[in-house]
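Here the structure comes first, spelled out in structure tokens, and everything after it is commentary.
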Amino acid sequence: MDERSSLVELRSVGYSYGGRSPTRALQDVSLTIKPGEYVSIVGPSGSGKSTLLHLIGALQQPTEGELWIAGASVSNMSVEARASLRRKVIGFVFQFHYLLPDFTVLENVLMPACIAHGKPTRADREEAVSLLNRVGLGERMHYRATDISGGQQQRAAIARALAGGKPLVLADEPTGNLDTHAGNDAFALMREFHRTMGVTFIVITHNPDLAKRCDRVITIEDGSLASDEVMT
Amino acid sequence: MSLEWRIALRYFKAAGLQSVLMVAGVAVGVTVFVFIASLIGGLQQEIIQNTIGSISQVTLQARDTPPRTPQELGSEDKPGLAYVTRVEKYGVLEARISNWQPVVKQLDNDPDLIAVAPTVLGAGFATRGQLTQPVTFHGIVPNRENGIINLRKDMVEGSLNVTGQHCVIGTELASDLGVGVGDKVITLSSKNQRMTFTVAGIFDAGIVDVNERSFYISLTNAQHILNLVGYISAVETKLRHIFSANLVADHLAASTGLKTRSWMRQNAQLLSALQAQSGSSAMIEAFTMLSVAFGIASVLVVSVVQRSREIGILRSMGLRGRSVTLVFLYQGIVVGAVGSVAGSIVGTLLIFGLLQLPGNTASGSHLFPAQWQFQYVVQASLTAVIVCICAGIAPARRAAALDPTEVIRYG
């Protein structure tokens, strides 16, 4: 597989943490994710799903093997180079929305642009407003992040992950903290952005129904790749 | 406004009571700084005014002359004949400077000096009827001498007029001789010269010895009765910066070739007392600021812990470690700036409040001789902001070192 044509490429990736007696969280994982895919990662608690997501998100570096994201090798990148890669390529959605409570919804969505180039441009604002309209928060964009409901907060977090035209969104249990209705809404929203904008989504979920609605399901067990199934 | 500033300001605003406490801590520190500096500064100023302020701060006199050789003395240099010489040092009243006008002109142009006064000094007696008192003659140029001692301020009767045959004497001498303005006094100098003067003014310098002995006359009359025509005894000066006296004295000695006396070398004990006061003041200010720094650092550390989740999220979005550091340093600057403004206002009001308290009505002095200066406010504010930045360094570094995965995983 050529890493230049893939968005994410892992070759025999392993990850261990701890000093003298390291614990192996992930071992010998090889997989490729192409641009525009909608992938779910499933597996029991403690299987290494989140570790895999953190590696793909360039938050951590593999202790074994090689990892490429958007054509760049992450294995030997400095902390600041990985931060730069995240600014340009990767958006995150977490189980808890993690919006900045002292900022408005719009300011939260503009935050990636502010981090990237200090001050948001008019285009950044237009994009943020458009994203908030699409997630149904156009009316509440000037509310403080703490003044909207949980479902709305997660939708705002999805808009924030997409801001700046990022090609890859990593979602760690994005519906885990929501009721069924709000969870379905959030998932449908991500599906919609995938379909219309061609964004690649990698979603960790415990929900088998949601996993089945993805194009591809990767199963991790005991830190290893157990299966990689394309859904039809 | 940069992102770091926007986040810092938002955190400052959102922190509510924490921010208020930090600002209050800085404000108290700045208040103490301004208050102590004003109080000690005022106290020193009063001491200086009452002592050094009414004397020449650097005095120029003639150098001691080296012993003259037998040839210079016109003696014969015969073999087997030995001469023994002894150096007689000039006392202040005996030293004399010739060709003094160019020296005064040179000193007039010296930027370190704010007043220059040639003076002729000599001993003698003042007599009125059967009463005779020993006096020290001061031959002065009134406008110049006033720059050194501010005699006009001390006049209690008459005026500072030494023209013609007029003199100005102290209250004690006037009382001892039983004279008032318009009365005549006969003088006899140590050089056995007599002259009669009319009292034109009586002063009170606040020092009995000065009031008892000083007898001010014109420079020309003093030169005449002291056999110093064409000479002066000394050049008195007042400095722009009083504590630069030693440096200025050395520089004037080198440039004029005269002997110089600095008030700092003549009053070592007073200087040491003033320095001790300044040292105590600096210590109080330093310890106050140190306690402020610890207070702010501890609150900022708590703030970092509270904000760690947000910092982790911002880091996951690609915020640079340097930016995280700046957010907390800027928070320190905001706390320092707001606290400085508040502390400066409170400190200033406190000083002006103290100045309203009734003091010594006879002398017109205040109960607390505080002297507020804008420079104290600037010093206190700058120190506070620097202290706050320093206090923010450790928490800021801690924030920048946070691992986003830990924060995301464990919240």
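Every chain is numbered from 1, with letters handed out A, B, ... down the list of sequences.
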Heavy atoms from other residues, nucleotides or ligands near [atom1] of [X] exceed 12 (cutoff 6.0 Å):
X      : atom1 : result
A:Y17  : OH    : no
A:H206 : NE2   : yes
A:D222 : CG    : no
A:R134 : CZ    : yes

Proximal component of B:R307, with respect to chain A [non-hydrogen, under 4.5 Å]: side chain

Part of B:I313 within contact of chain A (heavy atom distance under 4.5 Å): side chain

Reported CZ-to-CZ distance for the pair B:R309 and A:F94, which is rounded to 0.5 angstrom: 11.5 Å

Between CG on residue A:L59 and OG1 on residue B:T405, distance to nearest 0.5 Å: 6.5 Å

Within residues 334-342 of chain B, residues adjacent to chain A where the heavy-atom gap is under 4.5 Å: none

Neighbours of chain A found in residues 9-18 of chain B - heavy atoms under 4.5 Å: B:R10, B:Y11, B:A14

Check against side-chain contact (heavy atoms from CB on, under 4.5 Å), A:V79 and B:R315: CA-CA 10 Å; A:V79 173; B:R315 292 284 279 148; 3.7 Å; yes

A:A161 versus chain B, the contacting section by heavy-atom distance below 4.5 Å: neither

A:Y98 vs B:S316, side-chain contact (heavy atoms from CB on, under 4.5 Å): CA-CA, chis, key distance, verdict: CA-CA 11 Å; A:Y98 286 150; B:S316 77; over 6 Å; no

Partner chain B: residue of A:G91, A:A116, A:P101 with the largest heavy-atom pair count (under 4.5 Å): A:P101

Pairs satisfying side-chain hydrogen bond (donor to acceptor under 3.5 Å, both in side chains), at least one member in residues 321-336 of chain B, at least two apart: B:E4-B:S323

Selection residues 81-90 of chain A - residue pairs positive for side-chain hydrogen bond (donor to acceptor under 3.5 Å, both in side chains), sequence neighbours left out: A:S84-A:K88

Donor-acceptor contact below 3.5 Å, side chain A:E80 vs main chain B:R320: no

Verdict with supporting geometry, B:I7 and A:L100, side-chain contact (heavy atoms from CB on, under 4.5 Å): CA-CA 10 Å; B:I7 296 176; A:L100 304 176; 5.7 Å; no

Working for side-chain contact (heavy atoms from CB on, under 4.5 Å), residues A:M111 and B:L3: CA-CA 9 Å; A:M111 196 54 73; B:L3 175 66; 3.6 Å; yes

Distance-minimising heavy-atom pair for A:G118 and B:R6: O-NH2, 2.7 Å

